[in-house]
Amino acid sequence: MTVSYNSDVSSTSLIAFLRLQLRWRGSVWKSVMRELFIFSFCFAIITSIYRTNYFLSDEQRVFWDNFAALFDQTLNYIPLTFMLGFFVTIIVGRWNDIFLNIGWVDNTALLIATYIRGGDEKSRIMRRTALRYLVLTQVLIFRDISLVVKKRFPTLETVVASGFMLESEREKYAALSLGKYPKYFLPIQWCFSLLYDARAQGKIGADVMLNELIKSVGDFRKGLGQLLNFDWVPIPLVYPQVVFLAVRIYFFLCLIARQSVLIDGEKPKDNSPVYPFVPFLMTSLQFVFYVGWMKVAESLMNPLGEDDDDFECNYLLDRNLAVGLAIVDSSEAAPHYEKDVFWGLAIADPLYSSDTANIHINPQIGSAATYETQENEIIMRPHVDTNDMEDGGDDVEGCNPRQLSRFVSVVSVNRNCESRTSLSSRRNPTIIERLRSQFGGSKVNRPGKLFGSSQFSINTAMGDNDIGSCASILGELAEESNKASQGLLTPEEYAGSPRRNTPIDMLTSVPEEDEEAQKTRTSVDLRKWKEMVENEKKREEAIEEKRRKLSRKEEEREEDDGDDVEKKE
C-alpha cells in the first residue's frame with residue numbers, strides 16, 4: 001500500500017538522493033519497467049532489420065532514412081507535455097479531495113466523550129455505540145468503493161464477525177428494503193436517535209451540546225458522501241483515453257523515427273558504430289520520464305484501490321474503531337492538576353537534546369524589526385504634498401502655513417539597553433559608519449522657519465571610543481539631561497560632551513516651553529530605564545544566590561548521606 005519515504009528526504013544530500021532513487025516499491029522503475037523492456041525489444045528488432053544488409057537494399061535504406069526523418073520532424077504535432085501536465089494536475093487535485101474526505105473520527109469522538117457525561121454503564125454503552133455507528137457507516141461505504149475492503153468484508157456476516165456490527169443490527173439493516181438504492185444512512189440515523197435519547201435522559205447537559213454533536217456527525221457523513229460522489233462520477237472516460245493513447249502512439253512512432261542517424265539532415269562523416277546508440281539512449285530516457293508521468297495519473301485516478309500508493313483503507317477502519325473507543329471510554333479520566341516545570345519563570349525555556357542544542361533557529365521576527373535609526377533625534381512634521389506647495393519644492397518655508405495643522409515635534413531616540421542588537425551595533429560600527437562619524441557626521445534635514453520660535457536641538461552620535469556599560473551610559477545621560485533642564489549646562493558644554501561628535505543645530509520651530517518639557521520627559525525616561533536595568537541585575541543576582549544555596553544544600557545532603565553510609569559500615 002502507501003509507500004513512506006519522508007525520512008529519506010529529511011535533508012538534501014547525495015545520499016538522500018540515492019536512497020530515494022534506489023527504492024523499488026512504488027517507484028518509477030517498477031511502474032515503467034515492463035513497458036520499457038517491450039519498447040527496447042521492439043527497438044532492437046527494427047534496428048537489426050534497418051542496419052543489416054539482409055533485409056533492405058541501399059535504395060530502400062535511403063527511403064527509410066527520409067521516411068524516419070519526416071516522422072522525427074512531425075512528432076511535435078502531438079502536444080504530449082501539455083496534455084500530460086494538465087491531466088496530472090486534475091488527477092492530483094481530485095486525489096487530494098478524496099484524502100481530505102476519507103473520514104477521521106477523532107473530533108466527533110472527543111465531542112462525544114466531552115458532552116455525554118456519566119461514569120455508569122449505560123452512559124458508557126451510549127458513547128461506545130454512537131462511535132461504533134460512525135465507523136460502521138464508513139465500513140458500509142468503503143465496501144462499495146474500495147476493492148481491498150470489499151475483499152475483507154464480502155458479506156454483512158463478515159462485518160458482524162469482525163465486530164463492527166451486531167447481529168441484531170444486521171437483521172434490522174437487512175429488513176429495510178430500498179431496492180437498488182443504498183442504505184448508508186441507517187447507522188447515522190441510529191446515531192442521531194441515540195444522541196436524542198441521551199439528551200432526553202439528561203446525559204447531555206444542554207441543547208447546544210446536542211446540536212454540536214449532531215453537526216459533527218453530519219460533517220463526518222458529508223465527507224463520506226463526497227467519497228461516494230467521486231466514485232459514482234469519475235473523470236469523463238474520453239479524457240484518460242486521449243492522454244494514455246497519445247503517450248503510447250508517440251513512442252510507437254519513435255520506433256521508426258529514431259532509427260536513422262542524421263546530423264543536419266546528412267549522415268555523419270565518420271560512420272562510427274556508437275552513433276546508433278545515441279538516439280536509443282535519449283529515446284529511452286524520454287520514455288521513462290513521459291510514461292512515468294502517465295503512471296502517476298493512472299495510480300492516482302483511484303486511490304482506494306490496490307496500487308502501491310493507494311490509501312490504507314482497512315487500517316483506517318481499524319484505527320478509527322480502536323482510537324474512537326479509547327477516546328469515549330476515557331471521558332472521566334483526567335490527570336491531577338499540578339504546576340508545570342516552568343512555573344514561576346517569566347519565559348518558558350524548554351530543553352533540547354545534545355544533538356539539537358547548537359542548531360541555529362530562525363525566530364519569527366519581522367524583516368523590518370531589526371531596523372534602527374542612525375539619528376538620535378527624529379523630526380516629526382506634517383506631511384506636505386509637493387503638488388500642494390506654492391513653489392513646487394520640498395522646503396517647508398515655501399508651503400502655505402495654513403496647511404500645517406500640527407506643530408513640529410522633536411523626538412529623542414532612547415535606545416533600550418536590553419536590546420542586544422542595538423548595543424552590538426553601537427559597539428562595533430562598520431567602516432562606512434566610522435568614516436561618516438569622522439568626516440561628515442549624521443545630520444537631520446530640518447525645516448528652516450515655521451513659526452518664529454527657537455529651540456536648541458542636540459544631535460548626538462556614538463563615537464569609536466569606549467562606551468562602557470549600558471547602565472553607566474544611561475546614568476551619564478540622565479545627569480546631563482538634569483543639568484541641562486536646570487540650566488547648569490550651556491549648549492556649548494552640552495555639545496562638547498565626549499560622547500557627541502556633531503555641533504548644535506538651530507531649529508526655529510518649537511516654543512521654549514516645549515523644549516523644557518522635552519528635556520524633563522527625557523530625563524525621567526532615562527531614570528526609569530536606569531532603575532529598570534538595576535532591578536534586572538538585582539533579580540539576576542537573587543536567582544544566582546538561590547542557585548548557590550540549592551547547590552550548597554545538595555552538597556550538604558550528599559555529605560550527610562556519606563556520613564550515614566560510613567556509620568552503617
Side-chain angles (χ1 to χ4, degrees), residues 1-28 92 95-96 99-100 102 104-107 109-110 113 308-309 311-312 315-316 318-320 322-324 326-327 330 333-372 415-430 469-470 532-533 535-555 557-558 561:
M1 285 298 179
T2 305
V3 179
S4 179
Y5 58 90
N6 293 328
S7 60
D8 293 339
V9 294
S10 58
S11 61
T12 56
S13 62
L14 179 61
I15 297 177
F17 168 75
L18 294 176
R19 287 178 180 174
L20 187 66
Q21 295 298 325
L22 295 179
R23 282 182 172 269
W24 174 254
R25 183 167 169 264
S27 64
V28 64
V92 171
W95 176 89
N96 185 60
F99 181 75
L100 292 178
I102 197 172
W104 302 93
V105 79
D106 300 47
N107 290 336
L110 290 171
D308 289 340
D309 289 307
F311 300 150
E312 301 283 353
Y315 168 79
L316 179 63
D318 299 340
R319 183 257 177 208
N320 277 347
V323 173
I327 290 174
S330 60
H336 180 65
Y337 302 143
E338 296 180 2
K339 294 181 180 179
D340 56 77
V341 295
F342 308 108
W343 186 271
L345 297 179
I347 299 177
D349 190 11
L351 298 179
Y352 286 76
S353 64
S354 58
D355 296 334
T356 61
N358 296 327
I359 297 178
H360 174 70
I361 296 177
N362 184 23
Q364 186 181 11
I365 299 176
S367 58
T370 57
Y371 169 77
E372 290 188 2
R415 296 182 174 86
N416 194 345
C417 63
E418 294 181 354
S419 176
R420 298 182 180 179
T421 305
S422 175
L423 188 58
S424 61
S425 63
R426 286 185 289 159
R427 287 185 176 178
N428 300 314
T430 60
S469 64
C470 183
M532 181 178 63
V533 173
N535 293 334
E536 184 67 21
K537 288 183 177 179
K538 290 179 181 179
R539 191 174 68 84
E540 292 177 356
E541 291 175 356
I543 294 174
E544 187 67 25
E545 185 64 25
K546 288 181 180 179
R547 291 178 180 174
R548 291 200 204 97
K549 290 180 180 179
L550 290 175
S551 61
R552 289 174 188 171
K553 289 181 180 179
E554 291 178 356
E555 291 176 357
R557 192 175 303 141
E558 291 177 357
D561 294 341

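Just so you know, these numbers use all the heavy atoms, side chains as well, and skip hydrogens, waters and symmetry mates.
Nearest heavy-atom pair, Ala348 versus Phe342, reported as atom, atom and distance to 0.1 Å: CB-CG, 3.8 Å. Minimum heavy-atom separation, Ile327 to Asp106: CD1-O, 4.3 Å.
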Got a list of side-chain donor-acceptor pairs under 3.5 Å for residues 353-368, not counting sequence neighbours?
{"unit_1": "Ser353", "atom_1": "OG", "unit_2": "Thr356", "atom_2": "OG1", "d": "3.0"}
{"unit_1": "Thr356", "atom_1": "OG1", "unit_2": "Ser353", "atom_2": "N", "d": "3.4"}
{"unit_1": "Thr356", "atom_1": "OG1", "unit_2": "Ser353", "atom_2": "O", "d": "3.4"}

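Taking the side chain to side chain contact (heavy atoms under 4.5 Å, CB included) definition, one finds that Arg539 meets it with Glu536, Ile543, sequence neighbours left out.
Taken from CD in Glu545 to CD in Glu541, the straight-line distance is 9.5 Å, to the nearest 0.5 Å. The CD1 atom of Ile102 sits 9.5 Å away from atom CD of Glu312, with the distance rounded to the nearest 0.5 Å.
Ring-plane geometry between Trp104 and Phe99 is classed as perpendicular, the angle between the planes exceeding 60 degrees on a 0 to 90 degree scale with a lower cut at 30.
By the 6.0 Å contact criterion, CG on Asp340 is enclosed, its count of non-hydrogen atoms from other residues, nucleotides or ligands being greater than 12. Remark: Arg547 CZ is loosely packed, at most 12 non-hydrogen atoms of other residues, nucleotides or ligands lying under 6.0 Å away.
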